[in-house]
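Structure record follows, encoded as structure tokens.
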Number of protein chains: 2
Amino acid sequence: MTGTHPQPPTKAQLLELVAALGTAQWQDFAAAAARHGLTSVQAKLLAQLKGPVPMRGLATLLVCDASNVTGIVDRLEARGLVRREPDPADRRVKNVVATEEGHATIRRVRAEMQATHSALDALDEEERTVLYGLLERLRPGMERRA
Amino acid sequence: MTGTHPQPPTKAQLLELVAALGTAQWQDFAAAAARHGLTSVQAKLLAQLKGPVPMRGLATLLVCDASNVTGIVDRLEARGLVRREPDPADRRVKNVVATEEGHATIRRVRAEMQATHSALDALDEEERTVLYGLLERLRPGMERRA
DNA sequence: CCGAGTTGCTTGACGATCTCAAGCATCCAT
DNA sequence: ATGGATGCTTGAGATCGTCAAGCAACTCGG
């Protein structure tokens with residue numbers, strides 16, 4: 001019934017659906033972050049810190065001005081979720097690292113995205129594989145300007 | 001090679017990919033809006049106005065406080081992209097409608113989302129149908145908290 | 001009809017996000 | 001060593017977002 005619709009969706013319909021799911025996931029993320037006293041942007045920055053990242057790198061990852069990153073990191077650092085470390089190879093650079101508490105916090109935020117998790121639970125393993133494959137095919141085009 | 005991966009993706013991998021595509025699409029949207037002198041939030045509000053919508057309804061759609069909507073509509077109205085009309089049935093309510101220029105602008109913004117459009121072009125009709133079906137299955141779970 | 005409670009919108013205060021221009025320190029290449 | 005990039009911060013100014021307070025208008029029970 002579901003998988004064999006004779007009518008292919010309009011490009012506009014598909015676009016709208018992708019947008020709707022994207023914002024829904026973002027809301028879910030923002031709500032989970034808020035429960036830990038973080039804004040969505042702070043949480044997003046924290047999510048990038050698998051290792052040390054220079055301020056400039058964060059600006060690139062978040063697609064924003066470097067001066068903006070200064071403030072966000074300031075606030076995260078004031079809470080002890082993040083630390084600025086001097087770069088041994090270049091004294092201009094400050095590398096940002098998540099503290100242990102920072103890592104723990106973002107891990108909890110990810111785990112608490114209930115809406116997103118339960119949505120993914122609606123798919124079985126094969127469907128997830130198919131979905132992943134299709135989304136991977138979309139990625140190259142999306143990165144062209146991002 | 002691509003479509004028959006024997007290893008199903010981790011839930012975390014799938015989550016990350018969805019998030020990446022969501023933010024990429026959002027960046028694309030924001031950039032297109034900026035070319036017309038709009039912020040992403042202004043464009044998003046404008047995109048909801050297929051017909052008259054009361055302020056309260058916009059707050060619900062945008063998942064934010066009503067007082068926030070006041071300012072956004074103020075700025076859109078100052079540019080002549082939107083109009084506030086009294087509701088004939090309830091004098092408390094102000095319905096927001098897009099002007100002709102407002103409609104034209106948001107139409108152009110949508111059309112100029114090049115990264116998103118070219119990404120979708122990578123899929124043929126059948127793949128789009130499959131993708132649409134899968135994403136529709138995700139929607140119910142996502143709306144639970146949104 | 002009429003007062004109590006609710007609802008819709010705006011205002012004001014305040015914090016966070018974002019950009020741009022300027023400034024300082026450091027690097028790099030000639 | 002000097003000139004030009006690069007990395008980060010600061011300050012000004014706009015937008016976004018919340019909360020609390022206020023006013024107008026609707027609703028409902030008596």
Side-chain angles (χ1 to χ4, degrees), chain A residues 23 26-27 29-49 52-79 81-97 146, chain B residues 23 26-27 29-49 52-79 81-97 146:
Chain A
T23 64
W26 180 252
Q27 296 290 343
F29 180 68
R35 269 172 245 135
H36 294 273
L38 292 174
T39 67
S40 6
V41 178
Q42 289 166 357
K44 178 159 182 165
L45 191 152
L46 203 47
Q48 314 292 323
L49 299 180
V53 184
M55 301 291 287
R56 192 72 196 70
L58 286 172
T60 303
L61 286 170
L62 301 186
V63 196
C64 72
D65 196 272
S67 66
N68 193 16
V69 177
T70 299
I72 301 171
V73 170
D74 279 350
R75 288 177 277 268
L76 285 173
E77 195 170 27
R79 290 187 184 208
L81 301 177
V82 133
R83 220 176 25 235
R84 273 182 244 235
E85 292 182 346
D87 188 302
D90 187 336
R91 278 183 300 170
R92 291 172 300 181
V93 174
K94 292 181 187 170
N95 288 308
V96 183
V97 253
Chain B
T23 65
W26 179 252
Q27 295 291 343
F29 180 69
R35 268 173 245 135
H36 294 273
L38 292 175
T39 67
S40 6
V41 178
Q42 288 166 359
K44 178 159 182 165
L45 191 152
L46 204 47
Q48 314 291 325
L49 298 180
V53 184
M55 302 290 288
R56 193 70 196 72
L58 286 173
T60 303
L61 286 170
L62 301 186
V63 196
C64 73
D65 196 271
S67 66
N68 193 18
V69 177
T70 299
I72 301 172
V73 170
D74 279 349
R75 289 178 277 270
L76 286 173
E77 196 170 27
R79 290 186 186 207
L81 301 177
V82 132
R83 221 175 25 235
R84 272 183 245 233
E85 293 182 346
D87 189 302
D90 187 337
R91 277 183 301 170
R92 289 173 299 181
V93 174
K94 293 181 187 170
N95 287 308
V96 183
V97 255

> How would nucleotides 4-15 of chain C be written as a contact map, 5' to 3', with B for base contact, S for sugar-phosphate-only contact and - for no contact, using protein heavy atoms under 4.0 Å?
Replying inline: ---BSSBB----

> For the pair made of CD in B:Q27 and C1' in C:dT19, what is the distance, rounded to whole Å?
Replying inline: 14 Å

>> For A:S67, give me all partners under side chain to side chain donor-acceptor pair (under 3.5 Å), at least two apart in sequence or on another chain.
In response: A:D65

>> So, using side chain to side chain contact (heavy atoms under 4.5 Å, CB included) as the criterion, who are the partners of A:R79 when residues are at least two apart?
In response: A:L38, A:L81

>> My understanding is that only residues two or more places apart in sequence, or in another chain, count here; which of them pass side chain to side chain contact (heavy atoms under 4.5 Å, CB included) with A:T23?
In response: B:K44

> C:dA25 phosphate, OP1 or OP2: any side-chain N/O from A:R91 under 4.0 angstrom?
Replying inline: no

>> Output the rounded distance in Å from CH2 (A:W26) to P (D:dG17).
In response: 11 Å

>> Which residues pass the side chain to side chain donor-acceptor pair (under 3.5 Å) test with B:R91, not counting sequence neighbours?
In response: none

> To the nearest angstrom, how far is A:D87 atom CG from C:dC27 atom C1'?
Replying inline: 12 Å

> For B:Q48, which residues count as a side chain to side chain donor-acceptor pair (under 3.5 Å) partner, sequence neighbours excluded?
Replying inline: none

>> Rounded to whole Å, how long is the line connecting atom CD of A:E77 with atom C1' of C:dA16?
In response: 17 Å

>> As a test of reading the structure: which of D:dT18, C:dT17, D:dC16 is closest to the side chain of B:I72, going by heavy atoms?
In response: D:dC16

> Once you round it to whole Å, what is the distance between P of D:dC16 and NZ of B:K44?
Replying inline: 13 Å

>> If I take atom CD1 from residue B:I72 and atom CG from residue B:L62, how far apart are they, to the nearest 0.5 angstrom?
In response: 6.0 Å

